[in-house]
Amino acid sequence: MVRSRMSLAAGALLLAASLGLTACSDDSGSGDEGADAKTLTLWHYEGPTSAMGVAWAKAIELFKASHPGVEVKFEAKGFEQIQQNAGMILNSDSAPDILEYNKGNATAGLLSKQGLLTDLTEESGKRGWDKKLSPSLQTTTKYDDDGIMGSGKTFGVPNYGEYVMVYYNKDLFAKHKVAVPTTLAEFETAMDTFVKAGVTPLSVGGAEYPAQQIFYELALSKANRAFVDDFQLYKNKVNFQGPEFTYGAQTFADWVKKGFIAKNSAGIKAEDMGTAFTQGKFPIMISGSWWYGRFASDIKNFQWGTFLFPGNTLHPGSSGNLWVVPTKSKAKSLAYDFIDITMQPEVQGLLGNNGGVPVAADSAQITDAKNKELIDNFAKISSSDGLAFYPDWPAPGYYDVLVGGVQGLINGSKTPQQMLDEVAKPYQDNLADLGK
């Protein structure tokens with residue numbers, strides 16, 4: 001999943017500055033992998049007030065306390081900056097010692113295949129990280145020799161999870177006498193009630209990731225685990241004109257025709273989608289847990305809540321982004337120590353109490369009822385093997401393909417069949433490149 005944290009222009013300036021730096025850490029080249037280094041260079045792209053930003057600031061504080069004499073050189077980056085330039089950055093002498101990176105075949109998998117990431121398998125077992133992650137969460141941490149997730153060596157460690165859910169404005173639901181739906185049919189009836197009252201139900205960002213996740217939710221309503229494994233892990237061929245994707249594309253197009261999704265949403269970015277919901281302009285928004293902490297702090301004028309996409313047993317979601325250690329890191333041992341700290345109860349508790357989804361928190365430490373509900377829902381999905389990852393993961397560059405395809409459904413320039421043919425080709429081309 002792609003989230004924009006900083007403009008590309010700002011990202012380019014930061015990148016230029018970063019590549020101009022000379023790494024300060026000392027690497028002895030011995031088996032301790034830089035344990036005597038005096039600098040840990042760390043990059044991530046989470047906002048300082050986000051759950052992850054708050055928790056990782058605490059992790060840096062704890063790291064400094066336990067490593068006197070070691071400087072932590074933290075550099076804030078933009079998501080798109082890292083997404084687009086990671087290969088070049090990590091293949092340079094200015095690679096950081098540890099960074100947050102997106103998970104999936106097209107990102108962490110690609111870098112592991114290129115030999116740019118350190119194999120963390122032994123360290124994960126030694127420090128018990130593998131014991132703290134459920135099997136479904138570990139899917140995104142492991143990559144085989146082709147860079148395909150789900151098996152092979154461990155190349156990253158997440159310390160939070162994420163999933164897509166339905167956010168709703170309780171005040172607008174009450175005003176229009178709409179009950180929280182428990183089935184897809186009830187969900188459509190609820191949205192129809194809003195349309196009849198002159199209210200567009202869904203706040204949608206068609207110019208970025210949110211719209212394609214709605215399409216995927218609809219496809220998942222007709223899917224099982226075998227379908228997800230075939231699509232994401234290449235276990236068997238996928239029929240893009242089969243019942244799952246056909247239902248997803250056709251129903252999405254129908255939702256546009258019925259007025260559930262505004263036609264102008266094709267040009268709306270994720271940030272504007274979230275802001276519109278925060279301002280109370282729409283009763284419903286389908287998106288990820290990464291909005292949760294922000295809504296908790298920013299929504300002041302109405303009551304809001306969440307529910308899982310009605311009727312689905314599979315949901316877009318996964319582990320959070322990964323801590324990865326570049327092959328060229330000069331302070332690998334220190335990087336492992338930092339990862340270990342992010343998995344400690346104090347940091348996990350901070351994640352949970354600031355609207356994040358910790359992977360190893362003590363539920364007794366979560367004091368906010370709303371945050372507890374968020375975490376409990378994730379535990380419910382994860383424990384039942386209900387994480388279906390994200391639709392843009394299977395092939396390099398697939399994110400843009402899906403954005404364009406779903407935009408075509410919103411503005412009516414593509415039929416569902418044309419859209420599915422369009423998104424099938426690059427997926428199948430990628431399989432051919434892999435010899436599958």
Side-chain angles (χ1 to χ4, degrees), residues 1-7 45-55 78-80 160 162-176 178 180-181 187 190-191 193-195 197-214 217 255 259-309 315-317 320 351-357 368-375 377-378 403 410:
M1 184 213 54
V2 175
R3 284 174 278 158
S4 178
R5 309 297 177 106
M6 188 179 295
S7 72
Y45 40 73
E46 304 296 341
T49 61
S50 70
M52 285 71 75
V54 169
F79 181 94
E80 291 173 353
Y160 71 99
E162 60 184 41
Y163 64 103
V164 173
M165 69 193 83
V166 183
Y167 294 87
Y168 73 106
N169 183 320
K170 290 185 175 182
D171 292 2
L172 287 177
F173 268 54
K175 177 181 177 181
H176 294 278
V178 174
V180 173
F187 192 27
M191 290 191 289
T193 299
F194 285 114
V195 170
V199 178
T200 300
L202 291 173
S203 185
V204 176
E208 294 180 334
Y209 66 85
Q212 62 183 259
Q213 291 178 356
I214 297 174
E217 284 273 26
W255 281 16
F260 299 170
I261 297 171
K263 292 183 178 179
N264 68 354
S265 65
I268 300 295
K269 292 186 177 295
E271 174 65 21
D272 296 324
M273 171 196 75
T275 300
F277 181 78
T278 303
Q279 294 171 344
K281 295 180 179 179
F282 294 86
I284 303 168
M285 188 184 94
I286 301 170
S287 196
S289 51
W290 47 89
W291 292 99
Y292 203 96
R294 179 171 166 184
F295 286 169
S297 63
D298 291 359
I299 295 177
K300 307 294 185 184
N301 299 322
F302 61 87
Q303 296 297 308
W304 62 278
T306 66
F307 54 88
L308 295 177
F309 195 86
H315 302 268
L351 267 170
N353 283 313
N354 283 277
V357 184
D368 183 271
K370 232 178 177 56
N371 290 346
K372 188 170 176 56
E373 179 185 57
L374 172 77
I375 295 164
N377 274 338
F378 180 77
V403 168
I410 296 174

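All residue numbers in this chain count up from 1 along the given sequence.
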> Backbone N or O of Thr278 within a donor-acceptor pair of the Lys281 side chain at under 3.5 Å?
Replying inline: no

>> Just verifying a value: how many Å separate Asp272 CG and Ser265 OG, rounded to the nearest 0.5 Å?
In response: 12.0 Å

> Using 30° and 60° as the class limits, which term best fits the ring planes of Phe307 and Tyr168: parallel, tilted or perpendicular?
Replying inline: tilted

> Which of these, Tyr160, Tyr209, Tyr163, sits in a ring pair (Phe, Tyr, Trp, His ring centres under 6.0 Å) with Trp290?
Replying inline: Tyr209

> In Å and rounded to the nearest 0.5 Å, what is the CD1 to NZ distance from Ile375 to Lys370?
Replying inline: 13.5 Å

>> To check you understand the geometry: which heavy-atom pair defines the closest contact between Ile410 and Gly206, and what is its length?
In response: CD1-CA, 4.1 Å

>> Rounded at 0.5 Å granularity, tell me how far CG in Asn169 sits from CD1 in Ile299.
In response: 7.5 Å

> Does Gln303 CD have over 12 foreign heavy atoms under 6.0 Å away?
Replying inline: no

>> Please report the interatomic distance CD1(Ile268) to CD1(Ile261), rounded to the nearest 0.5 Å.
In response: 13.0 Å

>> To the closest 0.5 Å, what do you measure between CD (Glu217) and CE (Met165)?
In response: 10.0 Å

> Taking the side chain from Asn371 and the backbone from Asn353, do they hold a donor-acceptor pair closer than 3.5 Å?
Replying inline: yes

> Can you tell me if Glu208 uses its side chain to pair, donor with acceptor, with the backbone of Ala270 under 3.5 Å?
Replying inline: yes

> At their closest point, which heavy atom of Phe277 faces which heavy atom of Phe302, and how far apart are they?
Replying inline: O-CZ, 3.2 Å

>> Within the 4.5 Å heavy-atom criterion, are Pro283 and Val199 side-chain neighbours or not?
In response: yes

> Would a 4.5 Å heavy-atom cut-off, applied to side chains only, mark Thr306 and Leu374 as touching?
Replying inline: no

> Got Gln212 and Val403 here, is their nearest side-chain heavy-atom distance under 4.5 Å?
Replying inline: yes

> Can we call the ring centroids of Phe173 and Phe194 under 6.0 Å apart?
Replying inline: yes

> Taking the inter-plane angle between the rings of Tyr292 and Trp304 on a 0 to 90° scale, is it parallel (under 30°), tilted (30 to 60°) or perpendicular (over 60°)?
Replying inline: perpendicular

> Closest heavy-atom contact between Gly355 and Ala51?
Replying inline: C-CB, 3.9 Å

> About how many Å separate CD of Glu271 and CE of Met273, when rounded to the nearest 0.5 Å?
Replying inline: 9.0 Å

> Where do Ser203 and Ala276 come nearest, in terms of heavy atoms and distance?
Replying inline: OG-CB, 3.9 Å

> Can you name the nearest heavy-atom pair linking Pro210 to Gly205, along with the distance?
Replying inline: CD-O, 3.3 Å

>> Could you work out, with side-chain contact (heavy atoms from CB on, under 4.5 Å) as the rule, every residue matching Asn264, not counting sequence neighbours?
In response: Ala262

> Taking all atoms of both residues into account, what is the closest heavy-atom pair of Phe309 and Ile286, and its distance?
Replying inline: CE1-CD1, 3.9 Å

